[in-house]
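To start, the structure under review is shown below, and the notes come after it.
Order of the sequence lines sets the chain letters (A, B, ...), proteins ahead of strands, with each chain counted from 1. Just so you know, these numbers come straight off a predicted model, no measurement behind them.
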Protein chains: 2
Amino acid sequence: MERFVSTYAMRLDSKGRMSIPAPFRALIARDGLEHVYCHPALDLPVLQAGGARLMAGIDSLIERYPPYSEAREELAAALYGSIETLRLDPEGRVMLSEGLKTHAQIRDEATLVGVGDSFRIWEPNRFRAHLAEARAKVRALKQEIGSQGATRDSRGDGA
Amino acid sequence: MERFVSTYAMRLDSKGRMSIPAPFRALIARDGLEHVYCHPALDLPVLQAGGARLMAGIDSLIERYPPYSEAREELAAALYGSIETLRLDPEGRVMLSEGLKTHAQIRDEATLVGVGDSFRIWEPNRFRAHLAEARAKVRALKQEIGSQGATRDSRGDGA
DNA sequence: TGGGATACCATGGGTATTTATGGGCGTCAA
DNA sequence: TTGACGCCCATAAATACCCATGGTATCCCA
């Protein structure tokens with residue numbers, strides 16, 4: 001396995017701890033990390049988390065802007081500044097800070113969604129709503145793609 | 001063999017395990033995988049499963065959009081998020097999650113249908129219905145084609 | 001060409017391990 | 001001292017692995 005995929009429903013216990021699903025942990029461990037990077041998404045009430053690839057992605061995002069440019073400085077502050085390193089306990093759990101929980105409106109349940117290089121942490125109800133929306137868009141996209149070429153790839157992906 | 005072809009009737013045992021037909025397993029193994037990727041189809045009560053090619057198809061769909069674009073993020077969540085990696089046990093079986101079984105309405109029997117780069121997992125009755133429908137469409141299409149031009153291949157393949 | 005032996009496969013079930021989760025206790029810092 | 005945090009242990013459920021079985025197709029050799 002090499003990417004974060006699938007969706008998991010997790011609980012936060014009375015101490016605020018949340019298990020990271022074993023398959024996700026395996027990817028983190030592959031990076032040689034004992035912690036998970038986590039930051040609030042810029043535009044949605046959701047957290048983004050992951051390992052080395054998440055960090056690399058953030059680096060490359062910032063590097064799109066010229067050094068010392070205002071945009072770059074702001075982006076760097078917004079992204080690097082908001083990243084927290086959540087240490088994994090011996091059982092593979094992390095603690096979400098109050099700030100992170102507030103941003104995502106998470107109380108005692110969370111939905112973790114693999115998105116390739118990282119995973120997202122949602123409040124379950126908000127995730128459901130968001131997913132319905134996203135699925136509608138995928139459906140539209142599929143139709144669009146399907147109508148483009150006549151015979152090619154009739155398999156589609158059936159997504 | 002390099003494509004998923006043919007149709008197999010499989011049973012789920014009391015533990016929910018289902019054998020992947022040996023020819024399908026051979027293709028998965030050729031990818032160096034010890035698991036099968038599986039996700040619910042977007043618009044039909046059927047699962048889509050496969051190996052590296054299935055995953056590559058999904059990747060390419062996502063890569064049509066610029067990194068960090070909203071469309072891409074949503075697509076990634078909807079597609080990667082719905083994928084499950086089903087580990088193959090030493091006997092070549094997988095376990096379908098409750099979510100997958102629910103989507104395809106599968107209880108203790110399933111029909112696996114090769115479709116080239118991947119295979120589909122149906123509840124047997126639904127597959128029969130779907131197949132009948134598909135055949136009708138093919139017949140209609142043939143007739144259409146046949147009436148257009150010459151007489152070639154009116155015999156068809158009897159499918 | 002027939003018939004037995006053989007290999008492969010789908011299936012079944014027992015058992016060991018992993019996982020998610022819960023709680024207790026020590027430690028360090030404010 | 002009090003609270004936050006890290007470690008340890010406990011446990012039930014889910015999972016993975018091991019071995020067993022019966023059926024079928026294949027192969028081999030007489």
message: Checking contacts here: which listed nucleotide (C/dT21, D/dA16, C/dG12) is nearest the side-chain heavy atoms of A/Ser19?
response: C/dT21
- request: Rounded to the nearest angstrom, tell me the gap between atom CD in B/Glu91 and atom P in D/dC18.
  value: 8 Å
message: Taking the minimum atom-to-atom distance to the side chain of A/Met95, which one of C/dG14, D/dC5, C/dG22 wins?
response: D/dC5
message: For A/Arg120, is there an ion pair with B/Glu73 - N to carboxylate O distance below 4.0 angstrom?
response: yes
statement: On DNA chain C, more 5' by nearest nucleotide between A/Tyr8 and A/Arg17 is A/Tyr8
- prompt: Under 4.0 Å between a side-chain N or O of B/Ser14 and OP1 or OP2 of C/dG13?
  reply: yes
task: Let me know the distance between CZ of B/Arg93 and P of D/dT15, rounded to the nearest Å.
output: 15 Å
query: Any side-chain N or O of B/Arg25 less than 4.0 Å from the OP1 or OP2 oxygen of C/dA10?
result: yes
- request: Look up atom CD in A/Glu2 and atom OG1 in B/Thr85, then write down how far apart they are to the nearest 0.5 Å.
  value: 11.5 Å
query: Counting side-chain heavy atoms from CB outward, which of C/dC9, C/dT11, C/dG23 is closest to B/Ala22?
result: C/dC9
task: Could you check how far NZ of B/Lys15 sits from C1' of D/dC18, rounded to whole Å?
output: 10 Å
task: Please report, rounded to the nearest Å, how far the C1' atom of D/dA4 is from the CG atom of A/Asp89.
output: 15 Å
Steps toward ring-ring contact (aromatic ring centres under 6.0 Å, His included) verdict (A/His35, A/Tyr37): CA-CA 7 Å; A/His35 59 262; A/Tyr37 296 111; 4.8 Å; yes
query: In whole angstrom, what separates A/Glu98's CD from D/dG3's P?
result: 15 Å
- prompt: Once you round it to whole Å, what is the distance between P of D/dA16 and CD of B/Glu34?
  reply: 12 Å
- prompt: Quick one: is B/Arg11 getting a side-chain N or O under 4.0 Å of the C/dG12 phosphate, OP1 or OP2?
  reply: yes
- prompt: Looking at CD1 of B/Ile28 and CD of B/Glu34, how far apart are the two atoms once the value is rounded to the nearest 0.5 Å?
  reply: 12.0 Å
- prompt: From C/dG22, C/dG23, D/dC8, pick the nucleotide closest to the side chain of A/Asp13?
  reply: C/dG22
message: Tell me the interatomic distance from A/Leu112, atom CG, to C/dA20, atom P, rounded to whole angstroms.
response: 11 Å
- prompt: When we call it a touch if two heavy atoms are under 4.0 Å apart, what does A/Ile20 touch: a base, just sugar-phosphate, or nothing?
  reply: sugar-phosphate
Salt bridge present between B/Asp59 and A/Arg3 (N-O < 4.0 angstrom): yes
- prompt: Between B/Leu88 (CG) and C/dT11 (C1'), how many Å, whole number?
  reply: 16 Å
query: Out of C/dA20, C/dG23, C/dT11, which nucleotide sits closest to the side chain of A/Met10?
result: C/dA20
